[in-house]
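Heads up, the thing below is written out as structure tokens.
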Amino acid sequence: MTSPWGNIVAIAATPIAIALLAGGNGLLVQRISGGRISSKLAIPSGYCLAIVLSLAAFSAHLGDELALPVVIACALLGFLLGRARLRSLFAEPAPLLVGAATYVLFNASVILSGHWTWTGYNFSNDSAAELLLTVHLQAHGTVSAPGLPGTAGKTISDYLASGYPLGSQSLLGVVSGALGVPPLVDWQAFISSSLAVAAMAASTLSERTMGKLLSALAGFAAVASALVYQYALQGEIKELATLTGIICAIAVLREALIADEPHPIRLAVVGLPLAAILATYSAAGIPYVGAIAAAALVGLLVAHPPPWLLAAARPLLLGALAALALLAVLAIPTLLSIATFIHTAVSGYSGPAASAPALGPLLRPLPLSEISGIWLFGDFRVPVPSGAAGTLTTLLTVIVLLAMIPGVMRAVEAREPGPVMGAVANGLVLAIIYPRVVPYAQAKILMIASPVVLLIALQAFTAAGRAHWRLLAAAGATGVLAAILASDAFAYHLWPLGPTARMTALSSLSKRVQGRGPVLDSEFEQFAKLVTTPIDLIDGPDPESPLPLELTAPQPEYDHSFDLSEEKLSYVESFPYIIIRRSPVASRPPANFRLVARNRYYELWKRYEALKVIAQRPLVAHQESSIQAARLPECSEVSKIAQAAPADSNLVAAVPPPSSGFAIASVSHSPGWVAGGEFPGGVATTTPGRAEGSLTLSDGGSYRLWLQGNFPRRVAVLVDGHRVGAVQETDSPMGWLSVGVTDLQPGRHILTIVRPGGGLGPGNGDTQATIGALVAIRSPEAPRLVRVSKSDWRSLCALPAEWIETVYP
């Protein structure tokens, strides 16, 4: 995961691989259709064929050993049979340039980071499950393999049992398998490449109203919609692949309808992108397939006068029947599970009795106005703040929505069916499906419709006749494009990058288990089940965990990480291995565990049978505001432990090294650092600023500094004016990050935390950091175990400890 090749794949190799696969398969479509599909739609149609082939191959209950040869062989066959047409792929550079520009726009966060990563971490983290399904497809295909271990196995089994659509994950599995990297490495690049294909198809939809060059620019602007951009940053792979399929279907359909001489094969090819829509969205794609079929009738009326329609009735009818037949054949892998997913979708996302949360990761139902594709604020889930940005967003939204009326009129006047069919198809879904589903599903419908709204609105700016009106129209279109790109820039600055280094560290540590397990992980990290595959990891707080946490004091577990001392001893002792997220306040595992491996972020502990732990008494309440690693027990407390201990047993105390710290809200800090946020005792840093507190150390020596919080922007720590280090990473709940190690003398020290202003990097704009606490702990950090006989219990009264255990022998 850390090789230079992984970075090359995430930045440049993935779009090349998809272009080759889609281009080769597109040439194959061209050859089979007798050249009736234009070269500018070769890559979009080939992308759809690659999805259908990938899913079909994985549906044979085999993994990459079948899917890779099938998809690659079809691409090679296409290049071989279509070598005479190969040069024609580059004959019209505008769609290719639009595709390249779209890829750079959507993958800018990864490209400018300089290494593989992903965006949208901690938004909903559904991408962890999507990626886990991809890994499973690569190994086993669409069948749920027997004995799938741990939380990963439970997640996979539940998704497969629901009939979950797997088309987009299938193509991702083929691409990442061909490039030899885990799917997480090229995740963002794959999504960006898919949208580049969508933009290539969209660039052909306005040629009769705008000409080829402006039509290409309009296609880029449409796909760059703010709502699409934010969904891409959050990793909504199946919705975005479905959007690509819808635009490809309309583009292929448009080309078939505007031909002077209708031919059944031209219309039959539409069955290919329609099958791709079902592959990526399953039952949720049925309304779009039906709506596109209805839109085709309107497109016919727009493209040609009635006398032509009467003369072309027979080939058009034959083409429609052929498209339906092709759709039925290509959609067989989806149709095998579509009934199951219909039940899942209807029961989960429609009606007042829907089982899925109404909002999901949203903060409110999205207003219909967001369909305009302009949102001059980073987070599409909240209103744009009042002021210039809010006023401008409202004004431009009104302009875009009002421009749709003359836009449709302009397209009809020019006999351009593309935008009109897009309007009809999405309009039918909005009218029929939108009112019947929960707000979470409504937001996805708005996202898919948003590019078409922009495309139609942009038609209006080509209707001006006189020179001064044309100048005004050009200024308006430029303003809309600038607002779209500005909206995307706000989102680019807001959504932070995934914790690449931490995931690599967790993956590396899990390899030390070497197939043994199960392994307990009490951190709420939904990517853990992905990066530790195939070990038997039990991610305790994960909703899909087959062995949920057993807490001594039951409380909500979702979005919370837990210390071992908060869990029942019997539960902890049932695991032969434990992975612990390192922190200055994390409790040591029970005395019969030994440290196996450690890296910057995690520790791996193994249980040994020679010692039996009978009981444990935690001495520190590991609550969210705690910065205390140990406590000096009352002698009466130790006495009760000793009295309850069986004869011949011993007492063990875990005594950590000296530490000292403070909660950020309790010390002097900038006024823009507001008390609250994720951590009680912490602050939300709404502005650049600093906090300053003091620590008094009784012992000198080497100390490691730890900072608790989320840090999408780099935050530095100084001791007595000297910089020790900095952290920059979005973290899991209650996580701590190591700042660095420094030598400190006994006595009082001033510690300063500095958060600078934003830069141009991804997630570095107005993104808030939440900072909980700072702790300095003396090295070495591992607690020492002090073991005494039951009769010598008084000696433990003088030892500050994390816990006291009764052990045998």
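Here the structure is a predicted model, which is why all the values come from computation and not from measurement.
Considering only heavy atoms from C-beta on, I777 stays 4.5 Å or farther from V585 through its side chain. The shortest side-chain heavy-atom distance between T770 and V683 does not fall under the 4.5 Å cut-off. Residues V620 and S565 fail the side-chain proximity criterion, which asks for heavy atoms closer than 4.5 Å. Put simply, the side chain of I156 reaches to within 4.5 Å of the side chain of L132, judged on heavy atoms. Here the side chains of V596 and R512 are in contact, with some heavy-atom distance below 4.5 Å. For the pair N650/V788, no side-chain contact is recorded, criterion being any heavy-atom separation below 4.5 Å from C-beta on. Considering only heavy atoms from C-beta on, L494 stays 4.5 Å or farther from F380 through its side chain. Residues R778 and S702 fail the side-chain proximity criterion, which asks for heavy atoms closer than 4.5 Å.
Legend: salt bridge (Lys or Arg N to Asp or Glu O under 4.0 Å) pairs involving residues 572-584, not counting sequence neighbours, sorted by first then second residue: E523-R581, R581-D731, R582-E781. Listed by first and then second residue, the side chain to side chain donor-acceptor pair (under 3.5 Å) pairs that reach into residues 529-543 are K529-D542, sequence neighbours excluded. Within the structure, side chain to side chain donor-acceptor pair (under 3.5 Å) contacts touching residues 660-676 (residues at least two apart or in different chains) do not occur.
P589 and I578 get closest at one heavy-atom pair: CB-CD1, 4.3 Å. Heavy-atom minimum distance, R598 versus E603: NH2-OE2, 2.7 Å. Closest approach of L497 and Y121 over heavy atoms only: O-CB, 4.4 Å. Contact detail for A665 and G682: the closest heavy-atom pair is CB-O, 3.6 Å. Scanning all heavy atoms of the two residues, the minimum distance from A501 to Y601 falls at CB-OH, 3.7 Å. Nearest heavy-atom pair, I538 versus G150, reported as atom, atom and distance to 0.1 Å: CD1-CA, 3.7 Å.
R690 meets the salt bridge (Lys or Arg N to Asp or Glu O under 4.0 Å) test with no other residue; sequence neighbours excluded. With sequence neighbours excluded, no residue satisfies salt bridge (Lys or Arg N to Asp or Glu O under 4.0 Å) with D563. With sequence neighbours excluded, the residues that form a side chain to side chain contact (heavy atoms under 4.5 Å, CB included) with R784 are V655, V786, L799. For K154, the salt bridge (Lys or Arg N to Asp or Glu O under 4.0 Å) test picks out D158, E544, with sequence neighbours left out. In this structure, F711 has no ring-ring contact (aromatic ring centres under 6.0 Å, His included) partners at least two apart in sequence or on a different chain. A search for side chain to side chain contact (heavy atoms under 4.5 Å, CB included) contacts involving P733 returns F524, D559, S561, E678, not counting sequence neighbours. Residues forming a side chain to side chain contact (heavy atoms under 4.5 Å, CB included) with E130 (at least two apart in sequence, or on another chain): L133, Y164, Q169, W187, I237, K238.
Using modelled atom types and a 3.5 Å distance limit, the side chains of H115 and N7 yield no donor-acceptor pair. Using modelled atom types, one finds no donor on one side chain facing an acceptor on the other under 3.5 Å when comparing T119 with S109. Remark: the R502 side chain and the Y602 side chain contain an N/O donor-acceptor pair separated by less than 3.5 Å. In this model, a donor atom of one side chain and an acceptor atom of the other lie less than 3.5 Å apart for N764 and R713. Side-chain contact, S507 with K511: a donor N or O sits under 3.5 Å from an acceptor N or O.
When atom types are taken as modelled, the side chain of S508 and the backbone of T504 share no donor-acceptor pair closer than 3.5 angstrom. Under a 3.5 Å cut-off, the side chain of E805 and the backbone N or O of A591 do form a donor-acceptor pair. R364 places no side-chain N or O within 3.5 Å of a backbone atom of L359 that could act as its donor or acceptor partner. In this structure, the side chain of Y571 engages the main chain of L547 through a donor-acceptor pair within 3.5 Å. Side chain of E566 to backbone of F562: no donor-acceptor contact under 3.5 angstrom is found. Without hydrogens or angle criteria, E802 side chain to A654 main chain gives no donor-acceptor distance under 3.5 Å. No donor-acceptor pair closer than 3.5 Å links the side chain of H493 to the backbone N or O of A491. Not one N or O on the side chain of S583 forms a donor-acceptor pair closer than 3.5 Å with the backbone of W736. For the pair K790 (side chain) and A645 (backbone), a donor-acceptor distance under 3.5 Å is present. Under a 3.5 Å cut-off, the side chain of S639 and the backbone N or O of C635 do not form any donor-acceptor pair.
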*Evaluation steps, salt bridge (Lys or Arg N to Asp or Glu O under 4.0 Å), between E637 and R631*: CA-CA 12 Å; E637 191 176 11; R631 176 174 66 84; 3.0 Å; yes
*Start with the C-alpha distance between N592 and V807, add both sets of side-chain angles, then the distance that settles side chain to side chain contact (heavy atoms under 4.5 Å, CB included), and finish with yes or no.*
CA-CA 9 Å; N592 56 346; V807 302; over 6 Å; no
*Evaluate side chain to side chain contact (heavy atoms under 4.5 Å, CB included) for L774 paired with I753, printing each intermediate quantity in order.*
CA-CA 9 Å; L774 186 147; I753 302 166; 3.8 Å; yes
*asked:* Pair F679, Q708 - check side chain to side chain contact (heavy atoms under 4.5 Å, CB included), show working.
replied: CA-CA 9 Å; F679 309 98; Q708 183 188 44; 3.7 Å; yes
*Could you please spell out the steps behind the side chain to side chain contact (heavy atoms under 4.5 Å, CB included) verdict for Y808 and D648?*
CA-CA 7 Å; Y808 186 85; D648 299 327; 3.9 Å; yes
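Checked against the 6.0 Å centroid criterion, the rings of Y577 and W605 do not qualify as a close aromatic pair. Checked against a 6.0 Å centroid threshold, the rings of F527 and W118 count as neighbours.
Taking NE2 of H749 as the reference point, atom CG of D720 lies at 6.0 Å (rounded to 0.5 Å). For the atom pair N710 CG and I771 CD1, the distance stands at 10.0 Å (nearest 0.5 Å). Rounding to the nearest 0.5 angstrom, the gap separating the OG atom in S659 from the OH atom in Y703 is 8.5 Å.
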Between side-chain atoms of residues 738-745 and protein atoms elsewhere (two or more places apart, or another chain), which donor-acceptor pairs fall under 3.5 Å?
{"residue": "S738", "atom": "OG", "partner": "R704", "partner atom": "NH1", "Å": "2.7"}

For a quick test of your reading: what N or O donor-acceptor pairs under 3.5 Å do the side chains of residues 692-701 make, sequence neighbours left out?
{"residue": "E692", "atom": "OE1", "partner": "T752", "partner atom": "OG1", "Å": "3.3"}

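Aromatic ring orientation, W495 versus F123: perpendicular (interplanar angle above 60°, classes split at 30° and 60°).
More than 12 heavy atoms of other residues, nucleotides or ligands shown are found within 6.0 angstrom of CZ on R594.
For the pairing with L520, the side-chain contact (heavy atoms from CB on, under 4.5 Å) check across L564, I580, L537 returns one residue only, L564.
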